[in-house]
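Since we're looking at a predicted model, the values are computed, not measured. The figures here come from the full heavy-atom set of this structure, side chains too, leaving out hydrogens, waters and symmetry mates.
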Amino acid sequence: MQTMHHSFDTQRYQIRPARLSDAEALAELRQALDAETEYFDRMPGEDVMSATDFANQLCDTSVLDRILVVERDGQLIAYARCRGFHLKRFSHKASFGLGVLQSDWGQGIGSQLMVRMIAWAKAQSLLKIQLEVVETNLGAIRLYQRHGFQEEGRLRHDRLLSDGCYYDTVLMGLHL
């Protein structure tokens with residue numbers, strides 16, 4: 001991912017908050033992302049979220065929750081999510097995740113999503129964004145570091161990948 005070398009093409013890609021009408025496309029995008037790489041927690045077909053599941057989340061106002069989507073030619077090709085916690089002791093922070101279809105890697109999409117989510121989190125007076133990333137996902141780790149995230153710890157041998165080996169989950173945080 002040479003995100004730094006590309007300027008984000010605003011003609012080609014539209015970034016916007018997810019709408020209720022995106023629920024079906026979000027469900028499909030999440031399944032496509034799970035099938036493309038081993039960077040997500042789920043194996044293809046595991047813990048599938050339906051359009052109804054996404055619709056329910058988009059309607060749920062019990063916690064701070066923002067989903068941004070990236071559209072190209074009427075198709076969703078990426079999304080990012082920043083989700084708050086309902087427990088008071090964790091109400092100062094949110095968890096973050098993003099996914100971009102491989103066909104659109106290296107276009108600066110991840111960076112744009114990060115910039116917008118960080119600005120949103122600051123506007124909500126959040127003090128911290130946290131995320132988890134598998135140690136093999138170097139492109140994502142570099143992206144997060146460029147936006148100020150630092151490694152805060154590791155869960156050793158946390159996940160089993162298809163090569164039969166166990167890999168660490170890297171815990172990262174950004175203090176706003």
Side-chain angles (χ1 to χ4, degrees), residues 1-6 18 26 29-49 53-54 57 63-70 77-176:
M1 283 176 55
Q2 316 95 356
T3 341
M4 294 307 268
H5 308 309
H6 290 76
L26 274 166
L29 174 59
R30 188 172 180 266
Q31 281 192 267
L33 288 165
D34 284 351
E36 273 193 347
T37 73
E38 292 191 287
Y39 293 152
F40 296 96
D41 295 349
R42 303 163 299 271
M43 300 269 288
E46 280 185 333
D47 197 26
V48 171
M49 277 182 68
D53 295 332
F54 269 105
Q57 286 192 352
V63 293
L64 275 180
D65 193 1
R66 182 158 174 88
I67 301 176
L68 292 177
V69 295
V70 183
I77 54 94
Y79 80 108
R81 182 165 193 197
C82 213
R83 186 167 173 82
F85 294 86
H86 65 275
L87 298 175
K88 288 275 181 279
R89 288 179 178 160
F90 301 120
S91 62
H92 64 289
K93 65 181 187 172
S95 64
F96 177 81
L98 72 79
V100 180
L101 288 179
Q102 267 182 2
S103 56
D104 294 272
W105 283 8
Q107 303 302 309
I109 294 164
S111 248
Q112 283 293 318
L113 287 168
M114 299 287 311
V115 166
R116 289 164 197 233
M117 277 303 198
I118 291 167
W120 174 82
K122 285 179 176 170
Q124 308 307 309
S125 303
L126 289 169
L127 301 180
K128 180 179 180 180
I129 303 173
Q130 65 187 37
L131 60 86
E132 298 182 2
V133 57
V134 63
E135 66 177 317
T136 53
N137 193 351
L138 299 176
I141 290 169
R142 280 196 300 271
L143 170 70
Y144 300 143
Q145 286 171 336
R146 278 203 303 274
H147 289 275
F149 281 79
Q150 292 180 321
E151 182 173 329
E152 295 187 335
R154 279 178 182 249
L155 302 174
R156 303 277 176 201
H157 298 158
D158 190 44
R159 58 185 76 203
L160 174 65
L161 298 185
S162 59
D163 61 5
C165 296
Y166 290 91
Y167 291 90
D168 294 357
T169 294
V170 181
L171 308 175
M172 299 185 79
L174 171 67
H175 293 266
L176 301 169

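The shortest distance between side-chain heavy atoms of Val134 and Val170 does not fall below 4.5 Å. Here the side chains of Leu176 and Ile118 are in contact, with some heavy-atom distance below 4.5 Å. Looking at heavy atoms from C-beta onward, Val115 lies in side-chain contact with His147 at the 4.5 angstrom threshold. Within the 4.5 Å cutoff, side-chain heavy atoms of Gln31 are placed close to those of Val48. Counting heavy atoms from C-beta on, the side chains of Gln150 and Gln145 never come closer than 4.5 Å. The side-chain heavy atoms of Leu68 and Tyr79, taken from C-beta on, include no pair separated by under 4.5 Å.
Classified by interplanar angle (parallel below 30°, tilted 30° to 60°, perpendicular above 60°), the ring pair Phe96/Phe149 is tilted.
Formation of a donor-acceptor pair under 3.5 Å by the Glu36 side chain with backbone atoms of Gln102 is found in this model. Judged purely by atom type and a 3.5 angstrom limit, Glu46 uses its side chain to pair as donor or acceptor with the backbone of Met43. A distance-only check finds no donor-acceptor pair linking the side chain of Trp120 to the backbone of Arg66 [under 3.5 Å].
There is a side-chain donor-acceptor pair under 3.5 Å between His175 and Glu152. Looking at Arg83 and Gln57, their side chains never bring a donor and an acceptor atom within 3.5 Å of each other. A side-chain donor-acceptor contact under 3.5 Å links Glu38 and Ser162.
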For this session: Evaluate the criterion side-chain contact (heavy atoms from CB on, under 4.5 Å) for residue pair Asp41 and Arg159; output intermediate values, then yes/no.
Result: CA-CA 8 Å; Asp41 295 349; Arg159 58 185 76 203; 3.0 Å; yes
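Here the closest heavy-atom approach between residue Phe40 and residue Leu98 is recorded as CE2-O, 3.7 Å. Counting all heavy atoms, side chain and backbone alike, Phe85 lies closest to Val63 at C-CG1, 3.9 Å.
By the 4.0 Å N-to-carboxylate-O rule, Asp168 lies close enough to Arg154 to be salt-bridged with it.
Here the straight-line distance linking atom CD of Gln124 with atom CG of Leu64 works out to 5.0 Å at 0.5 Å rounding.
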